[in-house]
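In what follows, every chain begins at residue 1, and chains take the letters A, B, ... in the order their sequences are listed.
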Amino acid sequence: MSQARVLRAAGLNEGVEDVKLGSVSGRRLLRSHYRRLKASIAEGKDTLFREDASSFNEIVSRADDLYSLVQRPREQVADAEALLQISEAFLSSIKEIRRGNTVKASDFVSGILRNFREPTDLASDQSIALDWRTLGSEANFIFHDAPGIHTMLGPMDSEPKRRKIAASRRREKGIVAVTARPETVADGGDKQSHTDKNIRAMFNVLRRFGEQGCELEKLVLSRDSFSHTVENIFCLSFLVKDGRAQITVQDGKHYVGMFLFYCSNPTCMDYQAQILWNLK
Amino acid sequence: MCRVMSRIPQSSSQRHLPHRISQPPAHPHEPELSQVDLPSEEVERLVADVMRYMLFKNHQQHGVPVRREELVQIITKTYKTRNLSNHVIQRAQEKFRDIFGFEMRELIRSRQTKNTKNPQSSQGAAPDVKCYILKSILPEDLQKRYVITKDSSKTSSLTLLIVSVISLCGEKVPEETLWSHLGRLGVKPDAEHPVFGEMKQFIDSLIKQRYIVKEKVSGPNGDAFVYDLAEKTLDQPVKAKLDAFIAKMVKKDDFTVDTPMVS
(Lines give C-alpha, C1' and ligand atoms only; values in the text may rest on other atoms or scores of the structure.)
Protein backbone atom coordinates (compact mmCIF):
# COMPACT_ATOMS: atom_id res chain seq x y z
CA MET A 1 0.00 0.00 0.00
CA SER A 2 1.45 3.33 -0.97
CA GLN A 3 1.94 5.94 1.63
CA ALA A 4 -0.59 8.24 0.04
CA ARG A 5 -3.25 5.53 0.13
CA VAL A 6 -2.47 4.92 3.78
CA LEU A 7 -2.81 8.57 4.63
CA ARG A 8 -6.10 8.81 2.81
CA ALA A 9 -7.38 5.74 4.61
CA ALA A 10 -6.42 7.27 7.90
CA GLY A 11 -8.49 10.30 7.00
CA LEU A 12 -5.41 12.44 6.71
CA ASN A 13 -6.08 13.87 3.33
CA GLU A 14 -4.66 17.24 4.02
CA GLY A 15 -1.53 17.92 2.16
CA VAL A 16 -0.90 14.29 1.34
CA GLU A 17 1.12 15.14 -1.69
CA ASP A 18 3.41 17.37 0.35
CA VAL A 19 4.20 14.82 3.03
CA LYS A 20 7.51 13.24 2.70
CA LEU A 21 7.67 10.89 5.59
CA GLY A 22 11.38 10.62 5.62
CA SER A 23 11.70 14.38 6.01
CA VAL A 24 11.57 16.42 9.16
CA SER A 25 8.36 18.17 8.14
CA GLY A 26 6.73 14.84 7.34
CA ARG A 27 7.56 13.48 10.77
CA ARG A 28 6.30 16.65 12.38
CA LEU A 29 3.05 16.27 10.50
CA LEU A 30 2.74 12.65 11.64
CA ARG A 31 3.23 13.65 15.26
CA SER A 32 0.52 16.32 14.94
CA HIS A 33 -1.84 13.62 13.66
CA TYR A 34 -1.04 11.51 16.68
CA ARG A 35 -1.84 14.47 18.91
CA ARG A 36 -5.19 14.85 17.23
CA LEU A 37 -5.84 11.15 17.73
CA LYS A 38 -5.06 11.41 21.44
CA ALA A 39 -7.38 14.41 21.78
CA SER A 40 -10.22 12.49 20.16
CA ILE A 41 -9.59 9.56 22.55
CA ALA A 42 -9.76 11.93 25.53
CA GLU A 43 -12.96 13.55 24.34
CA GLY A 44 -14.80 10.35 23.60
CA LYS A 45 -13.48 8.41 26.58
CA ASP A 46 -16.87 7.91 28.16
CA THR A 47 -18.61 6.72 25.02
CA LEU A 48 -15.68 4.75 23.64
CA PHE A 49 -16.75 1.38 24.98
CA ARG A 50 -20.46 1.51 24.50
CA GLU A 51 -21.92 -1.35 22.60
CA ASP A 52 -23.61 0.85 20.09
CA ALA A 53 -20.64 3.10 19.54
CA SER A 54 -18.30 2.52 16.61
CA SER A 55 -15.77 5.06 17.73
CA PHE A 56 -13.52 2.43 19.32
CA ASN A 57 -13.04 0.60 16.02
CA GLU A 58 -12.42 3.85 14.20
CA ILE A 59 -9.84 5.01 16.65
CA VAL A 60 -8.00 1.69 16.67
CA SER A 61 -7.92 1.56 12.87
CA ARG A 62 -6.63 5.09 12.72
CA ALA A 63 -3.91 4.23 15.20
CA ASP A 64 -2.95 1.19 13.10
CA ASP A 65 -2.79 3.21 9.93
CA LEU A 66 -0.64 5.88 11.50
CA TYR A 67 1.68 3.26 12.92
CA SER A 68 2.47 1.98 9.46
CA LEU A 69 4.04 5.38 8.74
CA VAL A 70 6.23 5.35 11.81
CA GLN A 71 9.93 5.16 11.11
CA ARG A 72 11.65 6.89 14.02
CA PRO A 73 11.55 6.35 17.82
CA ARG A 74 9.89 9.69 18.49
CA GLU A 75 6.84 8.79 16.47
CA GLN A 76 6.87 5.38 18.05
CA VAL A 77 6.63 7.01 21.48
CA ALA A 78 3.63 9.03 20.28
CA ASP A 79 1.98 5.84 19.08
CA ALA A 80 2.64 4.12 22.40
CA GLU A 81 1.13 7.06 24.26
CA ALA A 82 -2.03 6.84 22.18
CA LEU A 83 -2.33 3.14 22.91
CA LEU A 84 -1.76 3.83 26.62
CA GLN A 85 -4.59 6.33 26.58
CA ILE A 86 -6.92 3.79 24.99
CA SER A 87 -5.92 1.23 27.64
CA GLU A 88 -6.53 3.66 30.51
CA ALA A 89 -9.97 4.55 29.17
CA PHE A 90 -10.74 0.84 28.92
CA LEU A 91 -9.58 0.26 32.49
CA SER A 92 -11.71 3.04 33.95
CA SER A 93 -14.70 1.71 32.04
CA ILE A 94 -14.12 -1.78 33.49
CA LYS A 95 -13.82 -0.32 36.97
CA GLU A 96 -17.15 1.42 36.61
CA ILE A 97 -18.81 -1.75 35.45
CA ARG A 98 -17.36 -3.68 38.39
CA ARG A 99 -18.51 -1.00 40.78
CA GLY A 100 -22.03 -1.43 39.55
CA ASN A 101 -22.43 2.30 39.16
CA THR A 102 -24.52 2.87 36.15
CA VAL A 103 -24.39 6.64 36.42
CA LYS A 104 -21.57 8.29 34.62
CA ALA A 105 -20.07 11.62 35.48
CA SER A 106 -20.93 12.94 32.04
CA ASP A 107 -24.61 12.12 32.63
CA PHE A 108 -24.47 13.98 35.92
CA VAL A 109 -22.88 17.03 34.30
CA SER A 110 -25.57 16.94 31.61
CA GLY A 111 -28.22 16.84 34.34
CA ILE A 112 -26.65 19.84 36.08
CA LEU A 113 -26.62 21.80 32.83
CA ARG A 114 -30.21 20.81 32.17
CA ASN A 115 -31.45 21.96 35.60
CA PHE A 116 -29.26 24.93 36.51
CA ARG A 117 -28.02 26.50 33.31
CA GLU A 118 -28.85 30.14 32.89
CA PRO A 119 -29.30 31.88 29.56
CA THR A 120 -26.16 33.85 28.81
CA ASP A 121 -25.55 37.03 26.96
CA LEU A 122 -23.86 36.28 23.68
CA ALA A 123 -21.65 39.34 24.03
CA SER A 124 -20.10 38.10 27.26
CA ASP A 125 -16.99 35.98 27.31
CA GLN A 126 -18.42 33.31 29.56
CA SER A 127 -20.14 30.72 27.48
CA ILE A 128 -21.73 28.77 30.34
CA ALA A 129 -23.41 30.31 33.35
CA LEU A 130 -25.04 28.32 36.09
CA ASP A 131 -27.50 29.35 38.77
CA TRP A 132 -24.94 28.95 41.55
CA ARG A 133 -27.29 30.34 44.17
CA THR A 134 -29.98 27.72 43.66
CA LEU A 135 -27.37 25.03 43.42
CA GLY A 136 -25.83 26.31 46.64
CA SER A 137 -29.11 26.05 48.51
CA GLU A 138 -29.19 22.36 47.56
CA ALA A 139 -25.60 21.98 48.69
CA ASN A 140 -26.14 23.65 52.08
CA PHE A 141 -28.64 20.99 53.11
CA ILE A 142 -26.15 18.30 52.20
CA PHE A 143 -23.09 19.63 54.01
CA HIS A 144 -24.76 21.66 56.82
CA ASP A 145 -21.69 23.78 57.45
CA ALA A 146 -21.81 25.69 60.70
CA PRO A 147 -21.45 29.42 60.18
CA GLY A 148 -18.39 31.21 61.47
CA ILE A 149 -19.06 33.45 64.42
CA HIS A 150 -17.86 36.86 63.32
CA THR A 151 -17.55 38.24 66.83
CA MET A 152 -14.40 36.20 67.31
CA LEU A 153 -11.93 38.90 66.43
CA GLY A 154 -8.24 38.88 67.07
CA PRO A 155 -6.05 36.03 68.21
CA MET A 156 -7.56 33.40 70.42
CA ASP A 157 -5.13 33.80 73.25
CA SER A 158 -5.30 37.56 73.49
CA GLU A 159 -5.36 38.94 77.01
CA PRO A 160 -5.31 42.50 78.31
CA LYS A 161 -1.77 43.77 78.36
CA ARG A 162 -0.31 43.92 81.78
CA ARG A 163 2.29 46.43 82.59
CA LYS A 164 5.63 44.93 83.13
CA ILE A 165 6.88 45.59 86.57
CA ALA A 166 10.42 46.74 86.11
CA ALA A 167 12.71 44.67 88.25
CA SER A 168 14.92 46.94 90.27
CA ARG A 169 18.58 46.21 90.10
CA ARG A 170 20.64 46.16 93.20
CA ARG A 171 23.28 48.73 92.77
CA GLU A 172 26.65 48.17 94.31
CA LYS A 173 27.54 50.53 97.06
CA GLY A 174 30.55 52.06 95.50
CA ILE A 175 31.12 55.73 95.18
CA VAL A 176 31.31 56.39 91.49
CA ALA A 177 30.76 60.05 91.89
CA VAL A 178 30.45 62.35 94.83
CA THR A 179 26.79 62.66 95.61
CA ALA A 180 25.68 66.07 96.52
CA ARG A 181 22.49 67.20 98.14
CA PRO A 182 20.69 70.18 96.66
CA GLU A 183 21.00 72.09 99.90
CA THR A 184 24.69 71.48 99.95
CA VAL A 185 24.95 72.46 96.33
CA ALA A 186 23.06 75.62 97.14
CA ASP A 187 25.44 76.14 100.05
CA GLY A 188 28.28 76.10 97.56
CA GLY A 189 26.81 79.15 95.95
CA ASP A 190 26.09 80.72 99.31
CA LYS A 191 29.60 80.12 100.55
CA GLN A 192 30.85 82.91 98.42
CA SER A 193 28.17 85.28 99.71
CA HIS A 194 28.64 83.91 103.22
CA THR A 195 32.27 84.98 103.10
CA ASP A 196 31.24 88.32 101.70
CA LYS A 197 28.75 88.71 104.49
CA ASN A 198 31.42 87.95 107.05
CA ILE A 199 33.77 90.44 105.41
CA ARG A 200 31.09 93.08 105.43
CA ALA A 201 30.22 92.32 109.04
CA MET A 202 33.88 92.47 110.05
CA PHE A 203 34.32 95.76 108.16
CA ASN A 204 31.29 97.23 109.94
CA VAL A 205 32.76 96.18 113.26
CA LEU A 206 36.07 97.84 112.34
CA ARG A 207 34.21 100.96 111.27
CA ARG A 208 32.70 101.27 114.71
CA PHE A 209 36.15 101.20 116.24
CA GLY A 210 37.41 103.73 113.69
CA GLU A 211 41.00 104.23 112.84
CA GLN A 212 42.26 103.09 116.19
CA GLY A 213 40.76 99.65 115.69
CA CYS A 214 40.51 96.85 118.15
CA GLU A 215 42.69 94.07 119.37
CA LEU A 216 43.32 91.31 116.88
CA GLU A 217 42.54 88.55 119.35
CA LYS A 218 39.23 90.10 120.33
CA LEU A 219 38.22 90.50 116.69
CA VAL A 220 39.03 87.09 115.29
CA LEU A 221 39.21 84.73 118.21
CA SER A 222 36.21 82.54 119.01
CA ARG A 223 36.63 80.68 122.25
CA ASP A 224 33.85 78.20 121.39
CA SER A 225 34.83 77.23 117.88
CA PHE A 226 38.23 77.03 116.25
CA SER A 227 36.67 76.93 112.78
CA HIS A 228 35.02 80.31 113.40
CA THR A 229 38.38 81.69 114.33
CA VAL A 230 39.86 80.45 111.12
CA GLU A 231 36.99 81.94 109.18
CA ASN A 232 37.41 85.30 110.84
CA ILE A 233 41.11 85.29 110.07
CA PHE A 234 40.21 84.36 106.50
CA CYS A 235 37.82 87.32 106.21
CA LEU A 236 40.32 89.68 107.80
CA SER A 237 42.92 88.59 105.30
CA PHE A 238 40.63 89.71 102.48
CA LEU A 239 40.11 93.09 104.13
CA VAL A 240 43.85 93.53 104.56
CA LYS A 241 44.52 92.45 100.98
CA ASP A 242 41.96 94.91 99.68
CA GLY A 243 43.49 97.61 101.82
CA ARG A 244 40.39 98.23 103.85
CA ALA A 245 41.92 97.17 107.15
CA GLN A 246 45.34 97.28 108.68
CA ILE A 247 47.07 95.36 111.44
CA THR A 248 49.40 97.27 113.64
CA VAL A 249 51.52 96.37 116.60
CA GLN A 250 51.36 98.62 119.59
CA ASP A 251 52.83 97.85 122.98
CA GLY A 252 53.36 94.26 122.02
CA LYS A 253 49.69 93.86 121.06
CA HIS A 254 48.18 93.53 117.62
CA TYR A 255 45.53 96.01 116.66
CA VAL A 256 43.24 95.89 113.64
CA GLY A 257 41.80 99.11 112.37
CA MET A 258 40.20 100.61 109.32
CA PHE A 259 42.50 101.83 106.68
CA LEU A 260 41.21 105.02 105.21
CA PHE A 261 43.46 104.82 102.19
CA TYR A 262 41.13 102.43 100.35
CA CYS A 263 41.52 101.67 96.72
CA SER A 264 39.94 98.91 94.60
CA ASN A 265 42.27 96.55 92.83
CA PRO A 266 45.43 97.58 94.69
CA THR A 267 48.64 96.93 92.88
CA CYS A 268 51.86 95.79 94.45
CA MET A 269 53.04 99.42 94.50
CA ASP A 270 50.12 100.23 96.73
CA TYR A 271 51.09 97.46 99.07
CA GLN A 272 54.64 98.83 99.16
CA ALA A 273 53.25 102.24 99.88
CA GLN A 274 51.20 100.83 102.74
CA ILE A 275 54.17 99.09 104.25
CA LEU A 276 56.30 102.25 103.93
CA TRP A 277 53.54 104.30 105.40
CA ASN A 278 53.14 101.95 108.33
CA LEU A 279 56.84 101.86 108.91
CA LYS A 280 56.95 105.66 109.36
CA MET B 1 -32.54 30.12 66.52
CA CYS B 2 -35.08 31.54 69.01
CA ARG B 3 -35.66 28.03 70.31
CA VAL B 4 -31.94 27.59 70.81
CA MET B 5 -31.39 30.99 72.40
CA SER B 6 -34.17 30.56 74.94
CA ARG B 7 -32.47 27.68 76.65
CA ILE B 8 -30.19 28.66 79.42
CA PRO B 9 -27.33 26.29 80.17
CA GLN B 10 -27.77 24.61 83.49
CA SER B 11 -24.38 25.57 84.89
CA SER B 12 -25.03 29.29 84.66
CA SER B 13 -28.53 29.23 86.13
CA GLN B 14 -27.72 27.29 89.26
CA ARG B 15 -25.00 28.19 91.65
CA HIS B 16 -23.40 25.20 93.23
CA LEU B 17 -20.74 25.01 95.80
CA PRO B 18 -17.71 23.34 94.29
CA HIS B 19 -18.05 19.66 94.83
CA ARG B 20 -16.24 16.61 93.60
CA ILE B 21 -17.83 14.68 90.78
CA SER B 22 -18.19 11.31 92.36
CA GLN B 23 -21.63 10.22 91.21
CA PRO B 24 -22.23 7.06 89.22
CA PRO B 25 -22.73 7.61 85.45
CA ALA B 26 -26.31 8.31 84.39
CA HIS B 27 -25.88 6.64 81.00
CA PRO B 28 -23.89 3.52 80.25
CA HIS B 29 -21.89 5.16 77.45
CA GLU B 30 -20.58 7.93 79.73
CA PRO B 31 -17.16 7.45 81.25
CA GLU B 32 -17.07 6.66 84.90
CA LEU B 33 -17.34 10.06 86.50
CA SER B 34 -15.89 8.79 89.72
CA GLN B 35 -12.56 8.71 87.96
CA VAL B 36 -12.80 12.37 86.96
CA ASP B 37 -11.74 13.67 90.29
CA LEU B 38 -12.13 17.36 89.68
CA PRO B 39 -14.47 20.08 90.91
CA SER B 40 -17.35 20.69 88.57
CA GLU B 41 -16.33 24.29 88.05
CA GLU B 42 -12.96 23.23 86.76
CA VAL B 43 -14.58 20.76 84.39
CA GLU B 44 -16.94 23.46 83.13
CA ARG B 45 -13.99 25.76 82.60
CA LEU B 46 -12.25 23.12 80.50
CA VAL B 47 -15.45 22.55 78.53
CA ALA B 48 -15.68 26.28 77.88
CA ASP B 49 -12.05 26.34 76.71
CA VAL B 50 -12.68 23.50 74.28
CA MET B 51 -15.83 25.14 72.94
CA ARG B 52 -14.06 28.47 72.56
CA TYR B 53 -11.21 26.80 70.71
CA MET B 54 -13.60 25.07 68.32
CA LEU B 55 -15.49 28.30 67.61
CA PHE B 56 -12.31 30.27 67.05
CA LYS B 57 -10.87 27.63 64.75
CA ASN B 58 -14.12 27.47 62.80
CA HIS B 59 -13.91 31.19 62.29
CA GLN B 60 -10.21 31.38 61.46
CA GLN B 61 -10.18 28.35 59.15
CA HIS B 62 -13.76 27.77 58.18
CA GLY B 63 -14.66 24.13 57.70
CA VAL B 64 -11.20 22.77 58.49
CA PRO B 65 -11.46 19.85 60.93
CA VAL B 66 -9.85 20.30 64.33
CA ARG B 67 -7.70 17.39 65.42
CA ARG B 68 -8.51 15.66 68.66
CA GLU B 69 -4.88 16.00 69.74
CA GLU B 70 -5.26 19.77 69.87
CA LEU B 71 -8.33 19.52 72.11
CA VAL B 72 -6.63 16.99 74.37
CA GLN B 73 -3.66 19.32 74.65
CA ILE B 74 -5.94 22.05 75.98
CA ILE B 75 -7.59 19.72 78.45
CA THR B 76 -4.43 18.07 79.75
CA LYS B 77 -2.44 21.28 79.98
CA THR B 78 -3.31 21.52 83.66
CA TYR B 79 -4.85 18.20 84.61
CA LYS B 80 -3.67 14.76 83.60
CA THR B 81 -6.68 12.87 84.92
CA ARG B 82 -7.70 9.75 83.07
CA ASN B 83 -10.91 9.90 80.99
CA LEU B 84 -11.04 13.65 81.50
CA SER B 85 -10.62 14.31 77.76
CA ASN B 86 -13.50 12.02 76.83
CA HIS B 87 -15.74 13.55 79.45
CA VAL B 88 -14.92 17.13 78.53
CA ILE B 89 -15.36 16.56 74.78
CA GLN B 90 -18.66 14.83 75.39
CA ARG B 91 -19.86 17.72 77.56
CA ALA B 92 -18.74 20.17 74.89
CA GLN B 93 -20.75 18.27 72.28
CA GLU B 94 -23.85 18.44 74.48
CA LYS B 95 -23.40 22.13 75.10
CA PHE B 96 -22.90 22.90 71.42
CA ARG B 97 -26.15 21.10 70.70
CA ASP B 98 -28.08 22.90 73.43
CA ILE B 99 -26.68 26.38 73.15
CA PHE B 100 -25.68 26.88 69.52
CA GLY B 101 -27.60 24.25 67.59
CA PHE B 102 -24.28 22.84 66.37
CA GLU B 103 -23.19 19.28 66.14
CA MET B 104 -19.54 18.72 67.01
CA ARG B 105 -19.16 15.72 64.77
CA GLU B 106 -16.27 13.33 65.03
CA LEU B 107 -14.58 12.21 61.82
CA ILE B 108 -11.89 9.61 61.46
CA ARG B 109 -9.06 10.14 59.04
CA SER B 110 -7.31 6.93 58.19
CA ARG B 111 -3.55 7.08 58.03
CA GLN B 112 -2.43 5.28 54.91
CA THR B 113 0.71 4.89 52.90
CA LYS B 114 2.87 7.83 53.84
CA ASN B 115 3.13 7.26 57.59
CA THR B 116 5.99 4.97 58.49
CA LYS B 117 6.03 5.95 62.14
CA ASN B 118 4.78 3.64 64.83
CA PRO B 119 1.08 4.23 65.45
CA GLN B 120 0.62 6.44 68.48
CA SER B 121 -2.67 7.00 70.16
CA SER B 122 -3.94 7.68 73.61
CA GLN B 123 -6.70 5.13 73.35
CA GLY B 124 -5.44 1.81 72.27
CA ALA B 125 -3.66 0.91 69.07
CA ALA B 126 -5.86 2.75 66.54
CA PRO B 127 -3.60 4.55 64.08
CA ASP B 128 -6.41 6.70 62.67
CA VAL B 129 -6.60 10.41 63.40
CA LYS B 130 -9.79 11.69 64.96
CA CYS B 131 -10.92 15.19 64.19
CA TYR B 132 -13.99 17.29 64.83
CA ILE B 133 -16.10 19.63 62.74
CA LEU B 134 -19.07 21.83 63.57
CA LYS B 135 -22.27 21.31 61.65
CA SER B 136 -25.55 23.12 61.97
CA ILE B 137 -28.47 20.96 63.11
CA LEU B 138 -31.12 23.62 62.90
CA PRO B 139 -34.27 22.88 60.88
CA GLU B 140 -34.01 23.78 57.22
CA ASP B 141 -36.37 26.74 57.33
CA LEU B 142 -34.42 28.33 60.20
CA GLN B 143 -31.14 27.68 58.40
CA LYS B 144 -32.48 29.37 55.30
CA ARG B 145 -33.60 32.39 57.28
CA TYR B 146 -30.74 32.87 59.73
CA VAL B 147 -27.73 30.78 58.85
CA ILE B 148 -27.19 30.48 55.12
CA THR B 149 -25.61 33.45 53.37
CA LYS B 150 -25.05 34.16 49.67
CA ASP B 151 -21.30 33.56 49.85
CA SER B 152 -21.62 30.28 51.69
CA SER B 153 -24.23 29.10 49.17
CA LYS B 154 -21.98 29.77 46.19
CA THR B 155 -18.98 28.09 47.75
CA SER B 156 -21.05 25.04 48.67
CA SER B 157 -22.41 24.76 45.14
CA LEU B 158 -19.03 24.28 43.48
CA THR B 159 -17.95 21.99 46.31
CA LEU B 160 -21.00 19.85 45.61
CA LEU B 161 -20.20 19.61 41.92
CA ILE B 162 -16.58 18.68 42.49
CA VAL B 163 -17.27 15.97 45.07
CA SER B 164 -20.11 14.58 42.93
CA VAL B 165 -17.86 14.25 39.87
CA ILE B 166 -15.11 12.60 41.93
CA SER B 167 -17.65 10.30 43.54
CA LEU B 168 -18.94 9.17 40.14
CA CYS B 169 -15.51 8.77 38.54
CA GLY B 170 -14.42 6.28 41.15
CA GLU B 171 -11.35 6.45 43.30
CA LYS B 172 -8.09 8.08 42.27
CA VAL B 173 -9.57 10.39 39.65
CA PRO B 174 -6.85 11.89 37.46
CA GLU B 175 -6.60 15.63 37.36
CA GLU B 176 -7.33 15.83 33.64
CA THR B 177 -10.54 13.80 34.04
CA LEU B 178 -11.82 16.11 36.76
CA TRP B 179 -11.08 19.27 34.80
CA SER B 180 -12.56 17.83 31.61
CA HIS B 181 -15.91 17.38 33.38
CA LEU B 182 -15.73 20.73 35.15
CA GLY B 183 -14.80 22.37 31.85
CA ARG B 184 -18.25 21.49 30.55
CA LEU B 185 -19.67 23.53 33.42
CA GLY B 186 -17.56 26.56 32.57
CA VAL B 187 -14.97 25.95 35.31
CA LYS B 188 -11.39 25.86 34.04
CA PRO B 189 -8.19 25.45 36.00
CA ASP B 190 -6.15 28.22 34.42
CA ALA B 191 -8.78 30.90 33.89
CA GLU B 192 -10.10 32.97 36.79
CA HIS B 193 -13.76 32.24 37.38
CA PRO B 194 -16.01 35.32 37.73
CA VAL B 195 -17.70 33.88 40.82
CA PHE B 196 -15.05 31.69 42.48
CA GLY B 197 -11.80 33.35 41.46
CA GLU B 198 -8.65 31.27 41.20
CA MET B 199 -9.70 27.65 40.83
CA LYS B 200 -6.45 26.19 42.12
CA GLN B 201 -6.87 28.09 45.36
CA PHE B 202 -10.43 26.85 45.60
CA ILE B 203 -9.31 23.26 45.15
CA ASP B 204 -6.61 23.76 47.79
CA SER B 205 -9.22 25.05 50.22
CA LEU B 206 -11.36 21.96 49.62
CA ILE B 207 -8.33 19.80 50.35
CA LYS B 208 -7.71 21.69 53.60
CA GLN B 209 -11.34 21.29 54.60
CA ARG B 210 -11.03 17.56 53.92
CA TYR B 211 -13.74 17.31 51.32
CA ILE B 212 -11.26 15.82 48.86
CA VAL B 213 -7.71 14.59 49.04
CA LYS B 214 -4.96 14.99 46.43
CA GLU B 215 -2.21 12.45 45.95
CA LYS B 216 0.78 12.22 43.72
CA VAL B 217 1.22 9.05 41.71
CA SER B 218 4.15 8.22 39.50
CA GLY B 219 3.32 6.86 36.09
CA PRO B 220 4.99 6.24 32.75
CA ASN B 221 4.50 9.89 31.82
CA GLY B 222 6.00 11.13 35.07
CA ASP B 223 4.28 12.32 38.23
CA ALA B 224 0.59 13.00 38.10
CA PHE B 225 -2.02 14.06 40.63
CA VAL B 226 -5.17 12.15 41.44
CA TYR B 227 -8.15 13.14 43.58
CA ASP B 228 -10.27 11.10 45.93
CA LEU B 229 -12.99 11.74 48.47
CA ALA B 230 -11.94 12.57 52.04
CA GLU B 231 -13.58 11.85 55.36
CA LYS B 232 -15.87 14.87 55.37
CA THR B 233 -17.58 13.65 52.21
CA LEU B 234 -17.38 9.98 53.15
CA ASP B 235 -19.30 10.66 56.35
CA GLN B 236 -22.42 8.53 56.06
CA PRO B 237 -25.16 11.20 56.28
CA VAL B 238 -23.34 13.39 53.77
CA LYS B 239 -22.69 10.52 51.38
CA ALA B 240 -26.31 9.42 51.46
CA LYS B 241 -27.58 12.92 50.69
CA LEU B 242 -24.96 13.30 47.97
CA ASP B 243 -26.11 10.10 46.28
CA ALA B 244 -29.72 11.23 46.53
CA PHE B 245 -28.80 14.52 44.86
CA ILE B 246 -26.93 12.75 42.06
CA ALA B 247 -29.90 10.45 41.51
CA LYS B 248 -32.17 13.45 41.32
CA MET B 249 -29.96 15.09 38.72
CA VAL B 250 -29.78 12.06 36.45
CA LYS B 251 -33.33 11.08 37.29
CA LYS B 252 -32.41 7.54 38.18
CA ASP B 253 -34.66 5.88 40.72
CA ASP B 254 -32.52 2.79 41.14
CA PHE B 255 -29.27 4.61 41.81
CA THR B 256 -27.44 3.02 44.72
CA VAL B 257 -24.61 3.95 47.02
CA ASP B 258 -21.23 3.05 45.55
CA THR B 259 -20.07 -0.36 46.58
CA PRO B 260 -16.47 -0.59 47.76
CA MET B 261 -13.94 -1.50 45.12
CA VAL B 262 -12.91 -5.12 44.99
CA SER B 263 -9.17 -5.26 44.57
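Atom SG in B/Cys169 sits 10.0 Å away from atom NZ in A/Lys104 (nearest 0.5 Å). Interatomic distance, B/Ser167 OG to A/Phe108 CZ, rounded to the nearest 0.5 Å: 9.0 Å. Going from atom CZ of A/Phe116 over to atom CE of B/Met249 covers 4.0 Å, rounded to the nearest 0.5 Å. In this structure, B/Leu160 CG and A/Trp132 CH2 are separated by 10.0 Å, a value rounded to the nearest 0.5 Å. The line from CG of A/Leu130 to CG of B/Leu161 is 7.0 Å long, rounded to the nearest 0.5 Å. In this structure, CG in B/Asn58 is found 8.0 Å from CG in A/Asp145, a value given to the nearest 0.5 Å.
Contact of B/Leu182 with chain A is not made at all, since no heavy-atom distance falls under 4.5 Å. There is no contact between A/Thr134 and chain B, counting heavy-atom distances below 4.5 Å.
Here the options are B/Val250, B/Leu185, B/Ile246, the test is side chain to side chain contact (heavy atoms under 4.5 Å, CB included), and the partner is A/Ile112; only B/Leu185 passes.
The most heavy-atom pairs under 4.5 Å with chain A, out of B/Glu140, B/Glu176, B/Lys154, B/His62, come from B/Glu140. Between chain A and the options B/Thr177, B/Val165, B/Val195, B/Leu134, heavy-atom pairs under 4.5 Å are most frequent for B/Leu134. Among B/Pro237, B/Ser180, B/Ser156, the residue making the largest number of heavy-atom pairs under 4.5 Å with chain A is B/Ser156. In terms of heavy-atom pairs under 4.5 Å with chain B, the best-connected choice from A/Ala146, A/Gly136, A/Ser110, A/Ser137 is A/Ala146.
In the displayed structure, A/Tyr67 atom OH is contacted under 6.0 Å by at most 12 heavy atoms of other residues, nucleotides or ligands. Enclosure of atom CD in B/Glu106 by more than 12 non-hydrogen atoms of other residues, nucleotides or ligands within 6.0 angstrom is indicated. By the neighbour-count criterion of 12 heavy atoms within 6.0 Å, atom CZ of A/Arg72 is sparsely surrounded, having that number or fewer from other residues, nucleotides or ligands. A 6.0 Å sphere centred on CZ of B/Arg45 holds more than 12 heavy atoms belonging to other residues, nucleotides or ligands.
A donor atom on one side chain and an acceptor atom on the other are not found under 3.5 Å apart for B/Glu103 and A/His144.
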_Please determine whether side-chain contact (heavy atoms from CB on, under 4.5 Å) holds for the pair A/Phe141 and B/Lys241, giving the CA-CA distance in whole Å, both sets of side-chain angles, and the decisive distance to 0.1 Å._
CA-CA 8 Å; A/Phe141 299 124; B/Lys241 288 184 183 174; 5.8 Å; no

*asked:* Working note: B/Val163 + A/Phe143, criterion side-chain contact (heavy atoms from CB on, under 4.5 Å); need CA distance, chi angles, decisive distance, verdict.
replied: CA-CA 11 Å; B/Val163 299; A/Phe143 298 122; 4.0 Å; yes

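Counting heavy atoms from C-beta on, the side chains of B/Arg184 and A/Ser106 come closer than 4.5 Å.
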